[in-house]
Amino acid sequence: MAIPINMKSLTCVEYPGRVKNVDKMLETLGGEENVSKAALDSSRRLDLRFRPADPYCRPVYGDRFPTSSLLLRVRRTRRIRKNRTKESEDAAPASSSSVTMETPAPSTSSSSETSPPEEERVTYNTEVLGIVDTTYRFQALADFQYLPLHRTPDGRTVQLYDQLLLEGLEGGGFYQKDVPLFVPPATFSRIDTPQNYHYRRDPAHNYKNPMKTLSSSNLIGVARARRPHSAIFFNFEELQVPTKPSGGAVDHMDKHNLHAELAELKKLFEERPIWSRNALQVRSGIRLLRLKLLLPLCGYYAVTGPWRSLWVKFGYDPRKDPTAKQYQLLDFRVRQGPDNKRLAVKAKRSTFNYTLPTMTHKPQPQVVQMKGVAGSPGAGSSGEGERQDGRTKEDIEKEATYVFRPGVLPAYRQMFYQLCDLHDPRLQALVHENDGRETSCAEKDGWCLPNTKAKLRDIISSEVSKLSNIIHRDKKARGVSSGAGPDAREEEEEEEDDDEDDDEDDMSDSEVDPDQQVAQDSDNEMETEMLEFL
């Protein structure tokens, strides 16, 4: 007989301890509310505090794993037949949706000849209560625990909870008490995953000159030392541009076998001499970790000037070529104001993304939104997965990280565009307004006319506002056509009017490969890229 299965979805928590009291166990997990929040957020880890009443308790974190298990309940019923009467230790009847298996037990005879014969039957009732599709396992190491204790001069150990924690409104005398200094850090361990040590020496430690190590700024090793990529940095006021890569960059090429990918990247630099890293990553499809090693072999990094934060081909000086103005950088930021409350462009980063180690990964970049706008070249319909000029929706989403097109919203609220990647006739007319009349290259405007960048930003901002209003009207119309009540529509408008919408980025259930996504490591993207190549 087949066992009926209940399709209810369940979440399992493999508790690292022996549970005697369920209420106390839930208290260590933060209660049912905290467990529910962790279960609803795929990027959140489940924290367990063995001393829930202690605010200085460092939690141990459970990681989320997808599983395909069944929760099975088996009931064992014993029936004893004696003198034709049925005695049962468990009077609960078997469920109609369960499987019953009877196991006859051998008759037992008493030592007395007057005792009647007995017959025992054991019945097993089996039923499936649900499917366990998510399991939390506590496999990470617990952080160091530092208790608020103080040793008195006479050798006694006293606790400091009463002197550190407020239990209500305290008078001025509470803040004037002489209390031992107790300021523990937020966390002691940088990572909670065990690493293979193998009793190897620390390569960063100078065993011949220990005093040099003691004077190092990274003495206690709070972070991994940066791995140099031997990039060459160039300032606008320097006279000569670099013509060849450094020796360290060439060593990386042989060490990591980058010859095939280097030839492909050099073809792109022959196509155009100045690139951004995001554009090269999308066009070449090379993994980010390998691209960091390849870029110092192809060009130098401009730190200041109209081509700042871009990679320039070795030997090419854009200050001497007026046609290089099409490769200049435009730093565009979505404007915030009372008229832009319904902007459909979300922030690239959020402060909630840095709540490690409670989070397992960062959210994915937001999906680029596209709407058909009359008179906008390259704008297509809002159909899912439709092609525009032979390109898929996924291709357009990747391209939107460095290209601006009418009808496609920017990927983030701060974008670094090259002028040649602004695919709008109005923008290109401003860029090439002074073609053939360029006289000198300025550090701020390059080969363009003064105030050109401000005009470009005005046009892009008006386009973003227009698209956001169209998306907002479409959402509102869909809410009316779907029969949503006024409360639902009002709630939707409140969510869109929220100025804190950058903290509500949608998160995907799938892990993001850090080598495939565009750099999102710092509030200052240029500073982040420079630090990676120091």
Do [X] side-chain atoms and [Y] backbone N/O form a donor-acceptor pair below 3.5 Å?
{"X": "Q145", "Y": "R58", "result": "yes"}
{"X": "Q418", "Y": "Q326", "result": "no"}
{"X": "S246", "Y": "S230", "result": "yes"}
{"X": "S465", "Y": "S462", "result": "no"}
{"X": "D421", "Y": "R405", "result": "no"}
{"X": "K453", "Y": "L329", "result": "yes"}
{"X": "W311", "Y": "P296", "result": "no"}
{"X": "W307", "Y": "A324", "result": "yes"}
{"X": "W447", "Y": "Q328", "result": "no"}
{"X": "D143", "Y": "S189", "result": "yes"}

What residues, two or more places apart in sequence or in another chain, satisfy ring-ring contact (aromatic ring centres under 6.0 Å, His included) together with [X]?
{"X": "Y146", "value": "F182"}
{"X": "F234", "value": "Y300"}
{"X": "F404", "value": "none"}

Is any side-chain heavy atom of [Y] closer than 4.5 Å to one of [X]?
{"X": "L46", "Y": "F138", "value": "yes"}
{"X": "I396", "Y": "V403", "value": "no"}
{"X": "L288", "Y": "R277", "value": "yes"}

T134-T11 side chain donor-acceptor pair, cut-off 3.5 Å: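 T134 vs T11: no donor-acceptor pair found between side chains.
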N278 and S276 side chains, donor-acceptor separation under 3.5 Å: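 Result is no, nothing qualifies.
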Worked verdict on D47 versus N34 for side chain to side chain donor-acceptor pair (under 3.5 Å): CA-CA 9 Å; D47 55 303; N34 186 59; 3.2 Å; yes
Which heavy-atom pair separates [X] from [Y] by the least distance, and what is that distance?
{"X": "L293", "Y": "H256", "value": "CD1-CD2, 3.6 Å"}
{"X": "A400", "Y": "L409", "value": "CB-O, 4.4 Å"}
{"X": "D435", "Y": "V431", "value": "OD1-O, 4.4 Å"}
{"X": "T452", "Y": "L430", "value": "CG2-O, 4.0 Å"}

Looking at [X] and [Y], does any basic side-chain N land under 4.0 Å from a carboxylate oxygen?
{"X": "E271", "Y": "R283", "result": "yes"}
{"X": "E264", "Y": "K267", "result": "no"}
{"X": "D331", "Y": "R333", "result": "yes"}

Candidates Q139, R137, R45 - the one meeting side chain to side chain donor-acceptor pair (under 3.5 Å) with D63: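 Exactly one pass, corresponding to R45.
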Within 6.0 Å of CZ in F188, more than 12 heavy atoms from elsewhere: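 Yes, because the 6.0 Å sphere around CZ of F188 holds more than 12 heavy atoms from other groups.
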Trace of the side-chain contact (heavy atoms from CB on, under 4.5 Å) decision for E463 with R426: CA-CA 11 Å; E463 183 73 15; R426 297 170 297 173; 3.4 Å; yes
Counterpart residues, salt bridge (Lys or Arg N to Asp or Glu O under 4.0 Å), relative to D133 (two or more places apart):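 Once residues adjacent in sequence are excluded, D133 has no partner under the salt bridge (Lys or Arg N to Asp or Glu O under 4.0 Å) criterion.
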With R473 via side chain to side chain contact (heavy atoms under 4.5 Å, CB included) - residues at least two apart: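 So R473 forms a side chain to side chain contact (heavy atoms under 4.5 Å, CB included) with N469, I470.
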Contacts of type side chain to side chain contact (heavy atoms under 4.5 Å, CB included), residue N235, not counting sequence neighbours: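 For N235 the side chain to side chain contact (heavy atoms under 4.5 Å, CB included) partners, ignoring immediate neighbours, are E237, E238, V303, T304.
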Ring-face cation contact, F332 with R457, 6.0 Å cut, 45° max: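 Output no; distance or angle outside limits.
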